[in-house]
There are 2 protein chains.
Amino acid sequence: MKKNCPIYQVMRRMGRRWTILVLAELYKGRKKWKRYSEIKKKIPGLTPKMLSMRLKELEKEGLLKNRVDAKKFPVKSEYSLTKKGEDFFRVIDETKKWGLKWKVGNSDCPYVDCKECEF
Amino acid sequence: MKKNCPIYQVMRRMGRRWTILVLAELYKGRKKWKRYSEIKKKIPGLTPKMLSMRLKELEKEGLLKNRVDAKKFPVKSEYSLTKKGEDFFRVIDETKKWGLKWKVGNSDCPYVDCKECEF
DNA sequence: CGGTATCCTTTCGGATACTG
DNA sequence: CAGTATCCGAAAGGATACCG
């Protein structure tokens with residue numbers, strides 16, 4: 001295994017706390033663009049600082065994009081996945097399946113039509 | 001999203017540095033049981049402390065099992081994946097595919113018949 | 001060989017207050 | 001609303017030495 005092993009590289013970027021949860025929130029439902037506060041209130045325990053950091057990292061890595069409407073107050077800032085970000089869905093999906101299959105940490109979210117996840 | 005969301009729970013366990021790389025080493029090749037030193041020398045930068053910690057965590061989580069032959073010196077300690085651990089392959093596989101597709105961190109390991117990965 | 005023990009540095013991340 | 005700034009404690013991780 002070398003330093004440029006994809007597993008090594010991906011995990012260094014995506015393995016930090018909240019990262020994958022933020023992405024998961026952006027996959028949900030049919031709504032493409034989501035606001036900062038929408039994301040924040042959906043993830044229990046997530047502080048504003050952490051959300052800001054993760055959003056910046058993900059934008060830098062090219063997994064999401066941000067658009068800001070500053071024409072009037074309050075400012076409207078929205079986030080959406082890029083193609084690269086959408087593609088990561090497969091990893092999250094397998095993660096979810098595995099977690100459910102093995103009841104990791106008593107995972108009990110139903111896989112289909114989950115009201116909480118909308119996944 | 002609740003605390004028992006599978007994605008949340010899985011990432012808290014598997015998102016730490018080296019964890020997934022250790023698992024990846026155990027998937028490789030046809031050899032079922034692998035020794036501590038075998039794993040260690042394959043992962044660049046991994047220290048003995050970190051390997052010990054991760055192996056213990058993974059055993060506790062039921063992803064791998066350990067067998068020790070202390071009948072003679074030096075002691076022989078070997079590790080192998082459980083069914084649960086093997087199952088996690090799907091997540092790692094998707095991670096690898098994604099990393100390669102998007103050249104994350106200049107990932108350049110060929111997907112099939114990779115000499116380094118044996119994956 | 002297969003780990004521990006120790007020490008030390010870095011990073012993470014929670015809380016809270018504040019601002020355009 | 002959408003963030004920053006600051007502070008601080010906790011946790012993670014690296015280096016290295018040592019041991020049965």
Side-chain angles (χ1 to χ4, degrees), chain A residues 1 3 7-23 25-26 31-61 64-80 105, chain B residues 1 3 7-23 25-26 31-61 64-80 105:
Chain A
M1 178 180 290
K3 283 284 181 64
I7 302 164
Y8 184 95
Q9 292 295 333
V10 172
M11 288 316 299
R12 285 239 77 162
R13 288 164 174 76
M14 311 300 282
R16 302 172 74 175
R17 196 171 186 190
W18 308 117
T19 301
I20 297 221
L21 301 184
V22 170
L23 285 177
E25 280 305 324
L26 287 170
K31 201 158 170 258
K32 192 170 165 54
W33 292 92
K34 285 181 185 147
R35 305 186 66 162
Y36 180 91
S37 49
E38 274 184 279
I39 302 165
K40 186 170 174 306
K41 76 182 173 205
K42 279 286 191 177
I43 304 177
L46 177 58
T47 59
K49 174 184 161 184
M50 285 298 116
L51 180 54
S52 288
M53 287 175 70
R54 295 302 176 259
L55 287 170
K56 275 198 183 20
E57 289 160 9
L58 286 167
E59 193 177 357
K60 193 180 164 196
E61 289 290 333
L64 55 79
K65 47 190 186 289
N66 174 231
R67 70 179 182 195
V68 182
D69 181 2
K71 287 202 297 287
K72 47 188 172 188
F73 194 87
V75 174
K76 191 172 162 189
S77 181
E78 293 173 307
Y79 298 87
S80 178
Chain B
M1 177 181 290
K3 284 286 180 66
I7 302 163
Y8 184 95
Q9 292 294 334
V10 172
M11 288 315 299
R12 286 238 77 161
R13 289 165 175 75
M14 311 299 284
R16 300 172 75 176
R17 196 172 187 191
W18 309 116
T19 301
I20 299 220
L21 301 185
V22 170
L23 286 177
E25 280 306 323
L26 287 170
K31 201 157 171 256
K32 193 172 164 52
W33 292 90
K34 286 182 184 146
R35 304 184 68 159
Y36 180 91
S37 48
E38 273 185 281
I39 303 165
K40 187 169 173 307
K41 76 182 172 203
K42 278 287 191 178
I43 306 177
L46 177 58
T47 59
K49 175 184 162 185
M50 283 300 114
L51 180 53
S52 288
M53 286 176 71
R54 294 302 175 260
L55 287 170
K56 277 196 180 25
E57 290 159 10
L58 287 167
E59 191 177 358
K60 193 180 165 196
E61 289 290 333
L64 56 80
K65 49 192 186 289
N66 174 230
R67 72 180 181 194
V68 182
D69 181 1
K71 287 202 295 291
K72 46 188 171 186
F73 194 87
V75 174
K76 191 170 160 188
S77 181
E78 293 172 306
Y79 298 87
S80 179

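Naming convention: chains lettered A, B, ... in sequence-line order (proteins, then strands); numbering from 1 in each chain.
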**Q** So, is S52(B) near the phosphate of dG2(C), with a side-chain N or O under 4.0 Å from OP1 or OP2?
**A**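 Looking at the OP1 and OP2 atoms of dG2(C), neither is under 4.0 Å from any side-chain N or O of S52(B).
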
**Q** Please give, in whole Å, the distance from dA11(D) P to E57(B) CD?
**A**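 So the CD-P distance, E57(B) to dA11(D), works out to 14 Å.
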
**Q** Side chain of K56(A): nearest nucleotide among dT4(C), dG3(D), dT4(D)?
**A**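 From the listed options, dT4(D) comes nearest.
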
**Q** Please state how far atom CE in M11(A) lies from atom C1' in dA12(D), giving the value in whole angstrom units.
**A**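 Going from CE in M11(A) over to C1' in dA12(D) covers 15 Å.
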
**Q** How close or far is atom P of dG2(C) from atom OH of Y79(B), stated in whole angstroms?
**A**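 Those two atoms, OH and P, are 8 Å apart.
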
**Q** Specify the separation, in whole Å, of atom CE of M14(B) and atom P of dA12(D).
**A**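 The answer, rounded to whole Å, is 16 Å.
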
**Q** Going from CG on L46(A) to CE on M1(B), what distance comes out if it is rounded to the nearest 0.5 angstrom?
**A**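 Between atom CG of L46(A) and atom CE of M1(B) there are 10.0 Å.
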
**Q** Looking at K42(B) and E25(B), does any basic side-chain N land under 4.0 Å from a carboxylate oxygen?
**A**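 Salt bridge absent between K42(B) and E25(B).
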
**Q** How would nucleotides 7-20 of chain C be written as a contact map, 5' to 3', with B for base contact, S for sugar-phosphate-only contact and - for no contact, using protein heavy atoms under 4.0 Å?
**A** B----SBBB----B

**Q** Just how far, in rounded Å, is P of dG13(D) from CG of L21(B)?
**A**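 Rounded to whole Å, this separation is 12 Å.
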
**Q** Measure NZ/K71(A) against C1'/dC1(D) and give the value in whole Å, please.
**A**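 It is 16 Å, rounded to the nearest whole Å.
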
**Q** Calculate, to the nearest 0.5 Å, the distance between atoms CZ and OH belonging to R35(B) and Y79(B) respectively.
**A**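 Atom-to-atom, R35(B):CZ and Y79(B):OH are 11.0 Å apart.
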
**Q** Using OP1 and OP2 only, check whether a side-chain N or O of Y36(A) sits under 4.0 Å from dT4(D).
**A**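 No, no such contact exists.
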
**Q** Where the side chain of R12(A) meets the backbone of Y8(A), is there a donor-acceptor pair that is under 3.5 Å apart?
**A**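 Side chain of R12(A) to backbone of Y8(A), a donor-acceptor pair under 3.5 Å: no, none is there.
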
**Q** Nearest 0.5 Å, what's the CH2-OG1 distance between W18(B) and T47(B)?
**A**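 Result: 7.5 Å between the selected atoms.
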
**Q** Out of curiosity, K40(B) NZ to M50(B) CE, how far, rounded to the nearest 0.5 Å?
**A**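 If we round to the nearest 0.5 Å, K40(B):NZ and M50(B):CE are 12.5 Å apart.
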
**Q** Evaluate whether atom NZ of K65(B) has more than 12 neighbouring non-hydrogen atoms of other residues, nucleotides or ligands under 6.0 angstrom away.
**A**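 It does: K65(B) NZ has more than 12 such atoms within range.
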
**Q** In whole angstroms, how far is the C1' atom of dC1(C) from the CG atom of L55(B)?
**A**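 In whole Å, dC1(C) C1' and L55(B) CG are 14 Å from each other.
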
**Q** Rounding to a whole Å, what distance do you find between E78(A):CD and dC1(D):P?
**A**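 Computing the E78(A):CD to dC1(D):P distance gives 14 Å.
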
**Q** Does the N66(A) side chain pair with the main chain of E78(A), one donor and one acceptor, at a distance under 3.5 Å?
**A**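 Checking the backbone N and O of E78(A) against the side chain of N66(A), a donor-acceptor pair under 3.5 Å is found.
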
**Q** Give me the bend of the helix from dC1(C)-dG20(D) to dG20(C)-dC1(D), using the axes of the five pairs at each end, rounded to 10°.
**A**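 One end's axis against the other's: 50°.
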
**Q** In a table with atom names and distances, give each donor-acceptor pair under 3.5 Å that connects a side chain of residues 51-58 of chain B to protein atoms at least two apart or in another chain.
**A**
from: S52(B); atom 1: OG; to: P48(B); atom 2: O; distance (Å): 3.2
from: R54(B); atom 1: NE; to: R17(B); atom 2: O; distance (Å): 2.8
from: R54(B); atom 1: NE; to: T19(B); atom 2: OG1; distance (Å): 3.4
from: R54(B); atom 1: NH1; to: E57(B); atom 2: OE1; distance (Å): 3.3
from: R54(B); atom 1: NH1; to: E57(B); atom 2: OE2; distance (Å): 3.0
from: R54(B); atom 1: NH2; to: R17(B); atom 2: O; distance (Å): 3.4
from: E57(B); atom 1: OE2; to: R16(B); atom 2: NH1; distance (Å): 3.2

**Q** Can a side chain N or O of S77(A) be found less than 4.0 Å away from OP1 or OP2 on dG3(D)?
**A**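 True: S77(A) side-chain N/O within range (under 4.0 Å) of dG3(D) OP1/OP2.
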
